[in-house]
Amino acid sequence: MSDFNSDLPLSARAMAARPAPYLDGLNPAQRQAVDTLDGPVLMLAGAGTGKTKALTARIAHLLNSGRAYPSGILAVTFTNKAAREMKLRVGGYLGEAVEGMPWLGTFHSISAKLLRRHAELVGLKSNFTILDSDDQLRLLKQLLVAANIDDKRWPARLLASIIDQWKNRAWRPDQVPSSEASAFNNRGTEFYAAYQDRLKTLNACDFGDLLLHCVTIFQAHPDVLQSYQQRFRYILVDEYQDTNVAQYLWLRLLAEGHKNICCVGDDDQSIYGWRGAEVGNILRFERDFPGAVVVRLEQNYRSTPHILAAASQVIAGNEDRLGKTLWTEARAGEKVRLIGHWDGEEEARWIGEQVEDLSQGTRGLNPFSLNQMAILVRASHQMRAFEDRFLTIGMPYRVIGGPRFYERMEIRDAMAYFRLAVSPGDDLAFERIVNTPKRGLGDKAQQTIQRIARANAVPLVQGAALAIEAGEIKGRGAAQLRALIENIARWHSAVGTTGMVEAEDDLVEVIRPEGDAQNHIELAEQILEESGYTEMWLNDKTPEGPGRLENLKELIKALESFENLQGFLEHISLIMENDSDDTEAKVSIMTLHGSKGLEFPVVFLPGWEDGLFPSQRSMDESGLKGLEEERRLAYVGITRAEQLCTISFAANRRVYGQWQSQMPSRFVDELPAAHVEVLTPPGLYGGGIAPVASTIEERAQRADVYNSPGWRRLQTATERPVSQPREARNMVIDGTSAPAFEVGARVFHQKFGYGRVTLVEGDKLFIEFEKSGPRHVVAKFIVPAEQADDVPF
DNA sequence: TAAGGCAAACTTTTT
DNA sequence: GTTTGCCTTA
């Protein structure tokens with residue numbers, strides 16, 4: 001069935017006659033974004049300004065006005081989740097009439113679809129396999145081993161990331177500029193070329209290739225490009241600020257003819273620079289597409305004014321931005337709350353209590369469901385403290401974006417078996433599972449197979465068969481290998497004749513109904529049984545064993561929504577998600593990156609400490625650019641909150657097993673005091689930590705967060721422009737706080753023990769600890785040694 | 001060849 | 001503190 005038949009045009013005239021429902025409830029800016037159908041449009045959509053609404057209304061408008069068929073609209077998103085949501089919402093506008101848009105999807109899935117049609121133009125066959133980063137890494141490792149490279153000094157991971165970056169910039173091996181020649185010990189380009197060759201022989205491509213090959217085809221075959229330019233009359237792009245150079249070229253080439261391209265994005269939410277995203281793409285849109293209409297969506301429907309003000313003030317610290325002013329009609333609500341804690345565990349404990357309280361409505365607010373609350377962290381390792389805490393108090397939680405389902409070892413192993421069943425020539429899959437479960441085929445046997453396969457220019461399975469014939473593999477291993485080879489052959493024939501077929505109209509991919517081939521679900525189960533894979537985990541005595549079996553069951557269940565194994569494998573390589581359908585209300589724990597596009601009534605933002613957030617690494621690697629990206633991350637975090645936003649930091653944190661004292665994040669300084677309420681941790685600092693506090697008031701004052709460096713900096717910061725250099729602000733602070741300790745004083749720190757002060761810098765003390773060596777520590781957490789015994793811990 | 005023990009490296013974020 | 005990978009031994 002072609003999509004021309006399935007998506008019969010809705011009558012344009014009929015639509016024009018009655019008021020278009022999708023235009024209802026749009027504000028003027030949204031309205032403009034929806035109405036300006038022709039020519040380039042840049043929709044600058046701040047957080048929570050109804051961007052998806054405008055985007056879907058625009059699609060609906062294109063369809064209903066009769067300007068485009070569903071198949072004539074190219075709508076690109078970054079994530080499958082976003083694609084799914086848009087599909088759903090467009091469907092909502094148009095009802096059953098439109099069966100769906102064939103070209104609504106992620107960059108990668110659409111590219112894969114295009115590439116399957118024109119694979120031969122880049123030397124691939126249309127049934128190429130898509131490798132994930134794991135496969136990619138193994139391949140590179142092989143190359144490096146073959147070239148006798150010391151993996152210690154020049155790890156495959158490094159090469160992988162170099163190649164990725166190059167692909168993100170749309171450089172093919174011969175296009176890598178000479179400025180990069182020194183990469184990977186001067187051999188980067190050489191290995192890049194070798195890797196691409198290897199991929200071609202394997203009839204495979206990685207994620208970056210999906211885009212890059214498309215660009216190559218478009219550039220080298222104007223006829224192909226032109227046919228798609230004509231097909232895609234209207235182009236929409238979501239999250240434009242996240243596009244990399246390859247994606248940018250991809251879009252530009254396709255839009256070149258009619259220039260009906262609408263890009264939606266928010267430069268303030270560009271948080272994927274490390275992955276090759278170029279904020280520059282959105283910043284220079286107007287130059288790329290002269291005459292572009294720029295629409296700013298600035299009315300925020302999500303957050304209260306306090307939250308919005310806090311977010312705006314923070315992001316104002318960035319230089320490179322197009323600038324937007326978010327506003328809202330919502331009533332004031334609660335201020336953003338700020339709280340400092342002793343350490344990470346205390347922070348987790350406190351948040352746990354807050355979640356508990358909020359879920360019961362103890363705070364005088366209506367109770368929130370756990371589903372309405374989220375904890376957003378900078379780095380995934382921060383999640384553990386919360387998991388630990390929530391487990392002990394029995395708080396239901398859900399970790400979003402952890403290790404993904406399809407990246408788990410057992411799932412990938414099982415998939416490798418499926419891949420072999422579908423295409424026995426899949427060498428990567430074969431390598432992965434020859435000896436899983438153990439079949440007595442170690443390195444030596446595998447090398448023999450490789451050698452023989454290469455000598456005869458056949459896939460590994462055949463090479464293995466030849467190796468047995470030639471008697472090069474003997475004994476126990478040989479018998480098991482023979483069984484494996486026979487199994488693969490049998491599974492392959494059981495897979496049957498189903499497959500993807502090109503219809504006459506090259507627009508459609510049709511899956512031929514299964515013939516007498518075996519039910520693919522049973523087959524999958526059978527494969528896992530006969531290979532001994534299930535048994536392997538049954539006999540496994542590690543605590544993970546049962547979980548892995550559970551996951552395998554899940555995998556089999558996932559097969560149900562596909563017609564056959566091929567279809568499953570095709571989709572799974574691109575859809576790496578794991579949405580377990582649980583009905584129980586749970587608090588969400590996720591990274592800030594993972595939270596983009598989501599919103600929650602209650603948001604906790606823990607770990608606002610310099611080095612952790614902003615992350616030291618991104619500042620080291622990318623300097624000011626890195627810091628600005630971190631700041632955008634802070635902006636994203638705050639703007640996830642609808643009603644209640646709580647930022648926290650801890651003075652001490654364990655970083656790979658070592659206690660470290662932490663400084664509050666510089667972003668804490670940048671919060672506007674007028675919109676922030678500083679909370680005092682109950683009873684935490686009340687007990688005489690402060691060295692020279694004698695009166696009760698003094699103690700109380702010293703005890704709370706008002707006295708913390710972060711808070712003082714916060715107050716100083718709000719008195720002067722945020723753009724003022726950090727150094728200058730620190731000088732002011734240094735002047736205001738007299739050091740309470742002198743160099744040479746013997747002191748005590750609760751985590752680090754006894755030490756001697758070697759240097760005083762305002763609030764920061766450098767201390768030579770007797771046990772843990774030199775560190776810099778905030779004065780607040782230091783007690784003169786003679787008082788150490790009084791400290792109530 | 002496989003399993004177990006020990007050292008080292010490591011922690012950003014992921015389509 | 002954890003994981004990974006290398007090395008030793010059965």
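Excluded from the calculations below are hydrogen atoms, water molecules and symmetry mates; all remaining heavy atoms, backbone and side chain alike, are included. Numbers restart at 1 for each chain; the letters A, B, ... are given by sequence-line order, proteins then strands.
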5' precedence on DNA chain B between A/Asp164 and A/Ala445 (nearest-nucleotide basis): A/Ala445
For A/Asp135, salt bridge (Lys or Arg N to Asp or Glu O under 4.0 Å) partners two or more places apart: A/Arg138, A/Arg412, A/Arg419
Please give, in whole Å, the distance from B/dT14 P to A/Leu210 CG? 20 Å
In whole Å, I'd like the distance from the CZ atom of A/Arg138 to the C1' atom of C/dG5. 16 Å
Is A/Glu621 touching bases, backbone alone, or none of the nucleic acid, heavy atoms closer than 4.0 Å? base
Pick base, sugar-phosphate or nothing for A/Thr591, based on heavy-atom distances below 4.0 Å to the nucleic acid. sugar-phosphate
In whole Å, what is the span from the CG atom of A/Asn80 to the P atom of B/dT14? 15 Å
Report the nucleotide, chosen from B/dT14, B/dT15, C/dG1, that has the shortest atom-to-atom distance to any side-chain atom of A/Tyr272. B/dT14
Using the six-membered ring wherever Trp is involved, compare the ring planes of A/Tyr272 and A/Trp274 and label them parallel, tilted or perpendicular (cut-offs 30° and 60°). tilted
Against the side chain of A/Lys141, the closest entry in C/dG5, B/dT15, C/dT2 is C/dG5
If you compare every side-chain N and O of A/Ser109 against the phosphate oxygens of B/dT15 (OP1, OP2), does one of them come in below 4.0 Å? no
Round to a whole Å and report the spacing from CG of A/Asp134 to P of C/dT4. 11 Å
Grab the CG-C1' distance between A/Leu481 and B/dT1 for me, whole Å please. 15 Å
Grab the CZ-P distance between A/Phe78 and B/dT15 for me, whole Å please. 11 Å
Between P on B/dT14 and CD on A/Gln136, what's the gap in Å once rounded to a whole number? 17 Å
Could you label the plane-to-plane angle of the A/Trp171 and A/Trp166 rings as parallel, tilted or perpendicular, counting under 30° as parallel and over 60° as perpendicular? tilted
From CD of A/Gln382 across to P of C/dG1 the rounded distance in Å is 19 Å
Among the nucleotides B/dT14, C/dT2, B/dT15, whichever has the atom closest to the side chain of A/Thr79 is B/dT15
Kindly say whether A/Leu592 contributes a backbone atom to a donor-acceptor pair with the side chain of A/Ser595 at under 3.5 angstrom? yes
A/Gln450 side chain to A/Glu431 side chain, donor-acceptor N/O pair below 3.5 angstrom: yes
Please lay out, stage by stage, how A/Asp242 and A/Lys596 fare under the test salt bridge (Lys or Arg N to Asp or Glu O under 4.0 Å). CA-CA 12 Å; A/Asp242 289 337; A/Lys596 191 161 79 155; 2.5 Å; yes
Identify which nucleotide among C/dG1, B/dT15, B/dT14 has an atom closest to any side-chain atom of A/Trp274, counting heavy atoms from C-beta outward. B/dT14
In this structure, is the centre-to-centre distance between the rings of A/Phe667 and A/Phe613 below 6.0 Å? yes
Closest-nucleotide mapping onto DNA chain B: is A/Lys444 or A/Phe107 further toward the 5' terminus? I mean the 5' end. A/Lys444
Between the protein and nucleotides 2-11 of chain B, which nitrogen or oxygen pairs come in under 3.5 angstrom?
unit_1 : atom_1 : unit_2   : atom_2 : d
B/dA2  : OP1    : A/Gly440 : N      : 3.0
B/dA2  : OP2    : A/Asn435 : ND2    : 3.4

